[in-house]
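Computed from a predicted model, the values in this text were never measured in an experiment.
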Amino acid sequence: MARWLITGCSTGIGREIARAALEAGHSVVVTARRPESVADFADDFGDRAVVVALDVTDKAQIGAAVRAADDAFGGIDVLVNNAGNGYLSAIEEGEDDQVRKLFDTNYFGVVDTIKAVLPGMRERQSGHIVNISSMTGLVANPPNGYYSSTKFALEALTEALAQEVEPMGIKVTAIEPGAFRTDWAARSMWESSTPIGAYDENVGARKTMIKEFANHLPGDPRKVAEAVLLVTTLDEPPLRLLLGRDVLKAVRDKLASFSASIDEWEAITKDVDFPKSR
């Protein structure tokens, strides 16, 4: 059985991953900004569930969570970076402080947590880091431009990190959920407080659609948890795992459009070198 640290376990996908891991017999440091929201895990699973307060923008709390795992279990085998927030805004509407706060949580919080966990994994020459990304980390659409930017950054981090730590026996995977029925569009969603009327017909309409359909989305968060558990058992896990018919279609459509554009502009792409000297 493995030793897990999971961020953002109060609701949604993080909560389902924590419960699935514990039900499978693993030991889990279950974290949330409000530890009372995950206290039931300790009641249900006893010593195998260690509840810790964790705001991933607080390096001291990250360090305390890692120490809690070391003290209770002797280390961390699986890190799941799940904590995050959404932000609905046209690019022009974006508020500087909110955008930076979004990056602090969705990107730098992941970076700091990974850096806190890696020394132990390097010492043991084993481990698996699972980053919960998003369809919006692969395909960007309004009103998620800033949220997508945090997830695109996470994609780059994941891709580079996987190559860096592979020689040390450490695995890295990005999970790419599409539309799943969580509170991402409610409790975990921020929104620009400075809307601009010129964007009402496209960005504004999409904001409304996201909020109205949040409780009717097709994806089951428990299925994400089951997929994460499966991936962590593999000797050769995928670098990216797409979850949902919507993300599959969106990525295939993007790849097809990108490939067609590359072919269309190939001649100009190639014609940028200095003329060859005779």
Atom [atom1] of [X] and atom [atom2] of [Y]: how far apart are they, to the nearest 0.5 Å?
X	Y	atom1	atom2	value
N141	T136	CG	OG1	9.5 Å
I175	R240	CD1	CZ	11.5 Å
R252	S257	CZ	OG	16.0 Å
I170	S126	CD1	OG	7.5 Å
F103	L154	CZ	CG	11.0 Å
T11	I13	OG1	CD1	9.5 Å

L239 vs T173, side chain to side chain contact (heavy atoms under 4.5 Å, CB included): CA-CA, chis, key distance, verdict: CA-CA 5 Å; L239 175 63; T173 299; over 6 Å; no
Exercise: identify the closest heavy-atom pair between I6 and G14: CG2-O, 4.1 Å
Closest approach of V51 to A42 (non-hydrogen atoms, all atoms of both residues): CG2-CB, 4.1 Å
Evaluation steps, side chain to side chain donor-acceptor pair (under 3.5 Å), between E176 and S134: CA-CA 4 Å; E176 320 281 4; S134 168; over 6 Å; no
Please check if [X] and [Y] belong to a single hydrophobic cluster, counting links between Ile, Leu, Val, Met, Phe, Trp and Tyr side chain heavy atoms closer than 4.5 Å.
X	Y	answer
L157	L102	yes
I62	V78	no
L138	Y147	no

Which donor-acceptor pairs under 3.5 Å do the side chains of residues 258-272 make with protein atoms, sequence neighbours left out?
residue: E266; atom: OE2; partner: K270; partner atom: NZ; Å: 2.9
residue: T269; atom: OG1; partner: W265; partner atom: O; Å: 2.9

Salt bridge (charged side-chain N to carboxylate O under 4.0 Å, His left out) partners of D40, counting only residues at least two apart: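 R15, R19.
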Check: [Y] main-chain N/O paired with [X] side-chain donor or acceptor under 3.5 Å:
X	Y	value
E93	A90	yes
K171	V130	no
T31	L54	no
K254	A140	no
D104	T57	no
S133	A174	no
Q163	E159	yes
S192	S89	no

Criterion side chain to side chain contact (heavy atoms under 4.5 Å, CB included) on W190 and L88, from CA distance to verdict: CA-CA 6 Å; W190 302 331; L88 302 180; over 6 Å; no
Option among T150, N81, N85 that satisfies the side chain to side chain donor-acceptor pair (under 3.5 Å) test with N106: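 Of all the options given, the one that passes is T150.
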Charged N-O contact under 4.0 Å between D55 and R33: no
Under-4.0 Å salt bridge between R122 and E164: no
If you count every heavy atom of other residues, nucleotides or ligands that lies below 6.0 Å from [X] atom [atom1], does the total exceed 12?
X	atom1	answer
D47	CG	no
E36	CD	yes
E123	CD	no

Stepwise side chain to side chain donor-acceptor pair (under 3.5 Å) test for Y87 and E95: CA-CA 10 Å; Y87 183 62; E95 301 145 309; 2.9 Å; yes
Step-by-step side chain to side chain contact (heavy atoms under 4.5 Å, CB included) determination, I76 to W4: CA-CA 6 Å; I76 298 166; W4 293 53; over 6 Å; no
Min side-chain heavy-atom separation T232-L230 under 4.5 Å: no
Contact check, side chains of E155 and N131, non-hydrogen atoms, under 4.5 Å: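 Heavy-atom side-chain distance check fails, nothing below 4.5 Å.
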Whether F41 and F45 hold their rings parallel, tilted or perpendicular, with breakpoints at 30° and 60°: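 Correct class here is parallel.
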